[in-house]
Protein chains: 2
Amino acid sequence: MTLGDIEFPTPSEDADCRPVREILDRIADKWSLYIFVALKDGPVRFNALRRQIDGISQRMLTITLRQLERDGLISRTHFPTIPPRVDYELTAVGRSLLAPVMALMTWADSNRDVIEQARWQYDQTR
Amino acid sequence: MTLGDIEFPTPSEDADCRPVREILDRIADKWSLYIFVALKDGPVRFNALRRQIDGISQRMLTITLRQLERDGLISRTHFPTIPPRVDYELTAVGRSLLAPVMALMTWADSNRDVIEQARWQYDQTR
DNA sequence: ATAGAGTAGTATCAAATTGTGACCAACCCT
DNA sequence: AGGGTTGGTCACAATTTGATACTACTCTAT
C-alpha cells in the first residue's frame, strides 16, 4: 500500500461547502480551539478562562465566547450574585467536537520537534 | 457512564504549551486547513489551488504556502518551463496531519444543521 | 475610613493582519 | 500585434485584533 492509497473519512463529495466553511472559520480562528480545550473538564468562569488562555484579551474572550454560544457549542450560565459569576460549559454538541479537536492537539504535541527542525532547516537556506 | 467521564487522548499533561501553540496557530488560521484539504489527493499547481479555494487572495495563498513549506508540511516543486509551473504537495508529515484535519471537516459537515439551527435560535432571542 | 482587589464585562483608539488591484517577464495562439 | 497564461511581488486600503481605561458593586486589609 502506498501513501497515496490511504483513505480518509470524507464529507460527502459534492456537499455544498459554504456551510462547512462557516463552521470551520469559527473553529479554526485564533482562540476558539484554546477555549475548547480549557472547557474540556467542566464549567469554567470568565476570568479563570482568561488566566488559563495565555495572551487572550478580555475583548476577544468575550467575542469568541459569544460566537461559540451562538453556535450552540458552549452554554453560558449567569449567577446574579455579587460579585457576578458566569460559568461557561461545553454543550453536548460541543463535547462531540472535543474528540477531533483533541486529536489535533495531540498531533501538534507529538510533531513539534519535527516541525521545529523543519523550520530551522528552512531558515538556514533562507 | 456520564458524559463527564469520557476520556480523550491528551498531550502529556505538563508539556510546555508554547511550541504546541506555535504549531496550532499555523494550522488554525484562516486558510491553512483549506490548502490542506485541497492537497489531499496529490500535487496541485498554484493557480489551481487559487481557483479551488474560494475567496483566497493570491497574496494570502503565497504567504500561507510559504509558511506551510517552512513547517515541512508541504513541498514546493518549481518547473522552469514557460509559462512557469509550481507544484505543491503534502509531505509525509503533512499527510499524517490529514487524518485529524479530515476528522474536523467531517464533524463540521455532519453538524452543520445543528449549528445552523442553534444560530437561528440564538438570533431570535437576540 | 479608605485603599486595593476581584467580578464580568464595554468603549475607544492604536496596531497588526488581510484583501485589492496593479504590475512584471516570458512565452503561446490567432 | 493583441490577448491570454504562468507564479509571483508591491503599495495601499479595509478589516480584525490588541491595549488601555472605565463601569458598579462588594469584600478584605490597613
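Side-chain atoms are counted along with the backbone in the values below, which use heavy atoms only and exclude waters and symmetry mates. Below, chains carry the letters A, B, ... as their sequence lines are ordered, and counting in each starts from 1.
A straight line from CD1 of B:Ile53 to P of D:dG7 spans 13 Å, rounded to a whole angstrom. Regarding B:Leu61, its CG atom lies at a distance of 13 Å from the P atom of D:dT6, rounded to whole Å. When the P atom of D:dT6 is taken as reference, atom CG of B:Asn47 falls 5 Å away, rounded to whole Å. Here D:dT6 presents its C1' atom at 14 Å from CG of B:Leu49, a figure rounded to the nearest Å. Rounded to an integer number of Å, the gap from CG of B:Asp87 to P of D:dG8 is 11 Å.
For the residue pair B:Asp29/B:Ser32, the side-chain donor-acceptor check at 3.5 Å is satisfied.
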N/O donor to acceptor pairs below 3.5 angstrom from side-chain atoms of residues 43-52 of chain A, sequence neighbours left out:
| unit_1 | atom_1 | unit_2 | atom_2 | d |
| --- | --- | --- | --- | --- |
| A:Arg45 | NH2 | A:Pro84 | O | 3.4 |
| A:Asn47 | OD1 | A:Arg50 | NE | 3.3 |

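Listed pair B:Arg51 / D:dG7 fails the phosphate criterion, with no side-chain N or O lying under 4.0 Å from OP1 or OP2. The phosphate of C:dG6 has neither OP1 nor OP2 within less than 4.0 Å of any side-chain N or O from A:Arg85.
Contact check for B:Asp71 versus A:Arg119: side-chain heavy atoms found under the 4.5 Å cut-off.
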Reading nucleotides 11-30 of chain D from 5' to 3' and marking B where a protein heavy atom lies under 4.0 Å of the base, S where only the sugar-phosphate is that close, and - otherwise, the string is B-----BBB-B----S----
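The local environment of CD in B:Gln67 is crowded, with over 12 non-hydrogen atoms from other residues, nucleotides or ligands closer than 6.0 Å. Other residues, nucleotides and ligands place no more than 12 heavy atoms under 6.0 Å from the CD atom of A:Gln117. Within a 6.0 Å sphere centred on CG of A:Asp123, other residues, nucleotides and ligands contribute more than 12 heavy atoms.
Heavy atoms of A:Phe79 sit nowhere under 4.0 angstrom from any nucleic acid atom. Nucleic acid contact class of A:Arg50 (heavy atoms, under 4.0 Å, all strands): none.
Mapped onto DNA chain D by nearest heavy atom, B:Thr62 and B:Arg45 fall at different nucleotides, with B:Arg45 at the one closer to the 5' end.
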